Structure formats: structure tokens, C-alpha cells
Asker: 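The structure is given below, and queries will be raised subsequently.
Values reported hereafter were calculated over all heavy atoms of this structure, with side chains retained and with hydrogens, waters and symmetry mates removed. Quick caveat, the model's predicted, so the values are computed rather than measured.
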Amino acid sequence: MADWDEIKRLAADFQKAQLATGLQRLSERNCIEIVRLLIEKGLVDVIYTNDGKEYLTQDHLQQEVKDELYVRGGRVNLIELAKVLNVDFGKVEYIAKRLVDRDDDLHLLLGQLIDSSYIKRVASEINQKLAQFGEINIGQLTITYDLPTDFILNNIVLANLHKIIFAKQDPTNAHIFFTQSYIARNKAKIRGALAAITKPTPISVILNLTDVPARILYMSLKEMSSLGSITVQSPAGQFIPLVYQRMQSQWVKDYFKQNGHIMYDTVTKLGVSDVRSFVQSQLPDEKLIFLKNCIVGSRLIERVKDAMDMCVTSSSYLDVSTILPPALSDENIDEILTHVLTPTIRKQTYVFGTVLLTVNFMEECVKGCQELVNEHAKRAVESGNYQKYMAEKMMKHQDVDQGAMDEGKMDKREERRKKAATGKGGGGAQGRETKTKSTKKHARGNRGNVSDSDDDAEMQSNSGGKKGLKEPQIELITAKEIAKVVEKTLEPEGLEMLAKDLANHYFPILSKQALAKAHEMYEQTLQKSNQNRRQTHASIQEKLNTFYNDIRLYEKGLKLFPSDVQGQLLKYLLKTIGTDVCNELCLYVASECNLNTNFNGPLTAEQRTKIANESGPEYRASLQTLCKALTASESVEDFLDKTEKTMQACSMMLKKIDKKKDRNLILCHKHGLLEQLTNCTDPALVLHLAALIIFTISTQTMLHASGRHVSAILSFLKTVLSAEDSKVFNNYHDLVLKLLSTESSNSEEAKANAEDIAKQLGELTPLVKSIAGNFKKSGVTPVE
């Protein structure tokens, strides 16, 4: 038991000793905290590894970077270097930048550290490639070495040029380098290929055969010209030998001397691209005329001129193709004639294909057509076809001339007849002038087609050029009929094949002559009827002018009343005088358009609408608007505006407003009312006339009103009548109203009252007439 106690005591002492010794040791965590404290106080400068288990100094890291750069052959990626050294990338990048700043042989590029040994090794490899291939391109090296173009060019190639790299830089492309032996070898190939050429050869063929880069071929071209085998490089990409050019030149001179002309296609087949310049350089002493597909000399031109002068002198014809080489086509002959025909000859000749006809010869050929013209014109008028054509033409032209109606003062029918008689007439002295103009536009390749003449061009433009309207046509004479007459005169000369062309040429002229003749006959038949129509037109125009002025003057009077009364007066004015205006215009349009006008009494609204809808296009729109204005107008100005437009559509003219005449009209209106009042016995009409007379004198305006508006007029006249006169008119007005109400009753008492009221009115009537007849304006400003 004592031994066991001793053992326990020794164990306790041993444990105590162990615990006392452990208090002198530092744990790993304590070491880390001590190092961190030293770093924070700046007592030590160390770098952590990525796992934090090791520390290293800046100098040690720098040495490790240098070692890795050496081991990797002078080029190392910083990202890989950070992984290998187990250090943060930022620390490695900082060390790399510091190394680059201190050592000029080091380069930091695209996250890679490169030293001079690597640059020299790359330069040596480039020199080996130059020796092997003879040429290098910096762009290809960029792909091979994964370095920027500028770095390879400036820091590797140019820095080691003539030191490690022995080559020459291309003057046209700074990124290409080659060796002298390579250039000499390619020049030898080019020299041999060019010396063997005997005909124009494309550059592509030479390049394929020699396998020489095109850049070296063009660069060496000037040096090759000294051999004399290459004359010129054509724009088409060909090389032309000197011997071939000599053959071209001699052939062109001989051909032109023999034939007097040369075709473009022929010279092009010799390998010449710019034919005009080439021929002109080979024939400097010749006076050449360049046509579309050939070149002609002065000899042929003089030959044609002489023959043409003889033709004009003899007033005959000339086939130009018989005096020119057969190789020239009709198109070439047309171009030659364009150069040869002078203004003097153009006035005296026409060209159909290759045949030249003088005007005198042509007129002799068509002399027999005059009888045909007169016969067909007479037949058209007698059958009524011409009258139908004129009616359609007038209807078409009315739409086109609608805008010009504002300024025109001439009757539209007379103006159209004048245009038809003078503007479209042909023949006589004008025929020669028209033909002269057509020669300038003649398309000779069409062999005198009728569309080539100015006259026909005018007909076509007139027939379809006015706002898309197709001009009515009438054919009084046909080209086939003209051709039959002309063919008889051309057959003895052997020119019967030109009968159709000549007929087509004279067809517009003879058609105009036939139209003019038919129009002359037509005018003679319409002369009497036109005089009657003009008289009717003038009378209706005068009547409408009177209505227009009356409405305009009545408007001034109704404007003096309040707006509600104005509306009633306007409605009454349009219902009476406005309806008369619309009826007159509808009846006139119906007569012009040959519509049914057998109506009993005044026209109704339905009848007016029917006439407007069935009228011609020149009247329809304006007349429909006027008919609607009778009930839809909100002012007199609106109705008058639509009336004016409708009158213009009917070729009627409004007279100019004259204030002096307006005053005379108002004065005449007043005297007319006084005359009616003097002879009037009806009390209601007396009151109506007396009120209108006093209103006219006091305001110097006219008023168109019915008996329903008398009370409104008397209310207005309170300011101009004296109190006594106003009382008389009011009493008279009341008695009239009572009389009218009693007359409608059949009772005995009503009849007795009516007699009593009539007696009172009879006593007041002279007084009312006297007040109206003796009334004078005092202190009232006239309404202008």
C-alpha cells in the first residue's frame, strides 16, 4: 500500500513536470499571428504563398521568376508562373513589371515575359524560313508565334535585320520581306515568259505558267521593258508584244486605205481595246468620222454629198446604199446621213430607210390624194359621224379646261371650234414647214414610220397627254387608201416598196386636211343654229346677273336683323330668288346636254337633282353643289359662291360690281315699291309695302321678306319712326292680324267684326300710305 502511494506521488510529479515544460512552446497559429504583427509594423517584408503555409521575400520571388524564365527558354506566361510558384498573380505581375523596368532586354507583352534570348532565337528561325522559302509575311509570323504584328516587325525583324535576318523589305508592303536570291530567281522566270510571248496574253496565264507572285511581276515590269519584247499592258489585263503591235498597225492602215472605212469589231478582234484612240493614232492625217460601230473616212462622205446634191438639183430620189460599201449596215448609213444632211438639204428631203426622197418628188406622188380627202370629208359630215366626234371631243375638253374658265371670257364652244379649225388644220403652205421639222426627229432605222413625224407626235400628245383623258378619234381617211394612190406613181420608178412608208408619213397631214375640210362643212351647217344659241346664252346670262345682284343687295338688308331673324330671311331669299337661279341654270344645262326638259311648271327639287346627275362631267359637280346649297347654305356668300362657279362651268360671266349702279338699283326698287303702294288696296299688302319702303329709305338697303316678317321689320323700324307713326303702324298691324283671323271663320259675328275691322283699316290706310310716301331718312348711317 505504501508502494502504491509512492507510485501515485511520482506520477503526479511527472505530470506536473510535463505541464510546466509545455508552457515554453509556440503553436503554429501563434507563429502566424506573430509574423502578421511584424508585417503590419513594417519590421519584416515577406510574401504569402497561395496556401499560406510558406513565406518568401521579394528578392527570393524575383530570383525564382528569373529562374523560371531561363528554364522556359526566355518566354513565360505570368498566369502559369503564378501557378508554378504558388504565389498570387498580382505579386508575380508586380515583380515582372519591376524586372522589365530595370532590364531593357526584358519585355512584358500580352501577359507574357520575354527576354532577348527568345527574340534572338525567333529571329534565327525567321532567317531559316527566309532561306527555305525566300519570302515571309509578318501576318503569317503573327499566327505562328502568337505575338502582335508590330512587335514582330519592330522588335524582332527590323531590330535584327542585316544582323541575324538577312533579307530585303518590300517597298510596296512593309510586312513582306524577301531574299535577293528569291527575287533573282523569279525575275529569271518572268524574263523567260515575256520573251516567249508572240500574241496578247492575259496576265493570269503568265502568272499560272511561271508560278510567280503577281506583286513581283508588277514590281519587275519596268526592268523587263528594256528587253523590247513587251510594248504595252492593256487595260484588259494583257501584255502585248512589240511584233504583234506592228502587225496591228500595218493591217489597220492597209484595210482603211483599201475600203475607206473600218469596223470596230474587226479591230477589236486584233486585240485592241480602245479602238478609237488606236485608229486615230495610226491614221493621224486622215479626217475620220466615228460612228456607233465603225469609222468612216472623208472620201466616202464626199461621195455621198456629191450624189445628194445632184438628187436635190434634179428633184428626184437617191438610194444611198448603192454608193456605199456593202459592209455598212442601214444603221451605219443612217449615221452617215446625219453627218451629211445640212439644214438646207433637210428642208428639201426626207429619208425612208436608205432612200432619200426630195419634197417635190413626194408632193408629186401624193397629188392624187386631194380628191380622196374631199370625198371622205363630205361623206363624214353627211353621215353624221363628224358631228358625233365633235360632241365627244367637247365633253372631254370641258374637264380639262375647267381650271381655265376663271380667266376665259370667250364662250367655250366658240373657243373649241376655233381650236379645231385653226390648231389642227394642215396642208397648204404649212405642209412644207411641218415636214421640215420631222426630218430632225426621223428614226431612219424605222424606214419612215408615221410616228417619226412632228405632226403625229403632236397628235399623240394631244390624244393622251391631258390629265390622262383619251382624246376622241375619227378616221376620215386611212393609210391603206393613201398607199394605193401613191403606189401608182412610185411603181414606174421601182420604188413601190416605199408606198406604205410614204402613206404613213402623209397620213397625219392628209388626215388634218380631211378634218379641216369636214369642219368647214360642219361650221356652215351650224352657223344659223349657233347664232340662236348665242342669243339664248346671252339672255340667260343677263337674267342670272340680275338675280345675282338682287341677292347680293338683299343680303345687306337682312344682315341688319338679329341672327334668328336673319336665318328666316335667308331661308325665304333662297327659297324664292335662289330657286329661280337654280332653275335657270338647270334648264340651260339640260338644253346643252340634250336632256328631257318637258316639265310642267317650275322645276322641283327632284327634277333639279336628276338634271344635275345626268348632265355632262363639266357641269355635274358644280350643279349638284348648287342644288344642295338651296337648303344647306348657311350664308348668302356661300350660295353666291356656288352660283358663280356654276355660271363659270356654263361659260357665263358675272358683271363687275359697280356701287353707282347699286345705288340706282336701290332707288329704282324704292320707286317700284311706292308705285305698288299707290295702286294697292289690300290692307295686308299695304302694310307689307309700307314697311319695306320705310326700311329701304332709312337703311339705304333692299330687303326681300314675306308678310310673316312684317312684325320683325316694324320692330326694327321703331328706332327710325316717330312715336305717333310707330303707334299708327302697330295699330294697323294689329287690325290686319284680326282681319285675317276673322276671315277664316264663317260665323255671322265674325263677319260683322270683319266689316268693322275693314272699315277701321280703310280709314287708316291713307294715313299709312302717307307716312310711307313722305318718309325721309334722318340721322341713319347708310349701310355700305
Asker: What distance separates C650 SG from L623 CG, expressed to the nearest 0.5 Å?
Answerer: 7.0 Å
Asker: Just verifying a value: how many Å separate L587 CG and I540 CD1, rounded to the nearest 0.5 Å?
Answerer: 8.0 Å
Asker: Going from NZ on K670 to CD1 on I693, what distance comes out if it is rounded to the nearest 0.5 angstrom?
Answerer: 9.0 Å
Asker: Tell me whether D638 contacts the main-chain N or O of E634 through its side chain, where contact means a donor paired with an acceptor under 3.5 Å.
Answerer: no
Asker: Looking at every heavy atom in both A690 and L677, which two are closest together, and how far apart are they?
Answerer: N-CD1, 4.3 Å
Asker: Between Y554 and H704, what is the ring plane arrangement, given parallel below 30°, perpendicular above 60°, and tilted in between?
Answerer: tilted
Asker: Measure from the side-chain N and O atoms of S770 to the backbone N and O of P766, and report whether any donor-acceptor pair falls under 3.5 Å.
Answerer: no
Asker: Return yes if some donor-acceptor pair links the side-chain N/O of E481 with the main-chain N/O of T478 below 3.5 Å, else return no.
Answerer: yes
Asker: Got more than 12 heavy atoms from elsewhere within 6.0 Å of CD, E637?
Answerer: yes
Asker: For I757 and L735, which heavy atoms make the closest approach, and how far apart are they?
Answerer: CG2-O, 3.4 Å
Asker: Show your working on side chain to side chain contact (heavy atoms under 4.5 Å, CB included) between S615 and C586 and close with a plain yes or no.
Answerer: CA-CA 9 Å; S615 63; C586 287; over 6 Å; no
Asker: Any side-chain heavy atom of T576 sitting closer than 4.5 Å to one from T579?
Answerer: no
Asker: Any side-chain heavy atom of D725 sitting closer than 4.5 Å to one from S722?
Answerer: yes
Asker: Please test E555 against L570 for side chain to side chain contact (heavy atoms under 4.5 Å, CB included), starting from the C-alpha separation and ending with a verdict.
Answerer: CA-CA 8 Å; E555 178 196 14; L570 171 63; over 6 Å; no
Asker: Whether the side chain of H376 engages the backbone of L372 through a donor-acceptor N/O pair (distance < 3.5 Å, no angle test) should be reported.
Answerer: yes
Asker: Considering all heavy atoms of both residues, which atom of A629 and which atom of K642 are nearest to each other, and what is their separation?
Answerer: CB-CD, 3.5 Å
Asker: Answer yes or no: is there an ion pair linking E755 with K759, defined by an N-O contact shorter than 4.0 Å?
Answerer: no
Asker: Could you tell me which non-hydrogen atom of L553 sits nearest to which non-hydrogen atom of D662, and how far apart they are?
Answerer: CD2-CG, 3.9 Å
Asker: Is the closest basic N to carboxylate O distance between E584 and R608 below 4.0 Å?
Answerer: no
Asker: Please name the residue in the list L544, D641, V581, L585 that meets the side chain to side chain contact (heavy atoms under 4.5 Å, CB included) test with T646.
Answerer: L585
Asker: Take H733 and L687 through the side chain to side chain contact (heavy atoms under 4.5 Å, CB included) test and state the conclusion after the steps.
Answerer: CA-CA 7 Å; H733 177 259; L687 178 63; 3.6 Å; yes
Asker: If I take atom NZ from residue K645 and atom CG from residue L640, how far apart are they, to the nearest 0.5 angstrom?
Answerer: 12.5 Å
Asker: For side chain to side chain contact (heavy atoms under 4.5 Å, CB included), just list the numbers for R663 and L667, CA-CA rounded to whole Å, side-chain angles, deciding distance to a tenth of an Å, and then say yes or no.
Answerer: CA-CA 6 Å; R663 286 193 289 270; L667 184 62; over 6 Å; no
Asker: Measure the shortest side-chain to side-chain distance between V636 and K559 over non-hydrogen atoms and say whether it is less than 4.5 angstrom.
Answerer: no
Asker: Less than 4.0 Å between a side-chain N and a carboxylate O, is that true for D580 and K543?
Answerer: no
Asker: Is there side-chain contact between F561 and I713, with at least one heavy-atom pair below 4.5 Å?
Answerer: yes
Asker: Where do Q760 and D756 land on the side-chain hydrogen bond (donor to acceptor under 3.5 Å, both in side chains) test, with the steps shown first?
Answerer: CA-CA 6 Å; Q760 296 180 40; D756 182 47; 3.2 Å; yes
Asker: Tell me if the aromatic rings of Y588 and Y619 count as close, with their centers under 6.0 Å from one another.
Answerer: no
Asker: When you compare the side chain of L558 with that of Q568, does any pair of heavy atoms fall below 4.5 Å?
Answerer: no
Asker: With a 4.0 Å cut-off on N to O distance, would you call R620 and E614 a salt bridge?
Answerer: no
Asker: Between T701 and T699, which heavy-atom pair has the shortest distance, and what is it?
Answerer: OG1-OG1, 2.6 Å
Asker: Mind checking whether C593 and V589 have side chains closer than 4.5 Å, heavy atoms only?
Answerer: yes
Asker: Any donor-acceptor pair under 3.5 Å linking the side chain of T719 with the backbone of F716?
Answerer: yes
Asker: Enter the distance from H688:NE2 to Q676:CD here, rounded to the nearest 0.5 Å.
Answerer: 10.0 Å
Asker: A side-chain contact here means heavy atoms from C-beta on lying under 4.5 Å apart; do V720 and F695 qualify?
Answerer: no
Asker: At their closest point, which heavy atom of L714 faces which heavy atom of A691, and how far apart are they?
Answerer: CD2-CB, 4.3 Å
Asker: Charged N to carboxylate O under 4.0 angstrom, K738 versus D734?
Answerer: no
Asker: If we only count heavy atoms from C-beta on, is the K776 to I697 side-chain gap below 4.5 Å?
Answerer: no
Asker: Would you tell me whether N545 and Q541 have side-chain atoms, one donor and one acceptor, within less than 3.5 Å of each other?
Answerer: no
Asker: Give, for atom OG1 of T609 and atom CG of L603, the distance between the pair rounded to the nearest 0.5 Å.
Answerer: 10.5 Å
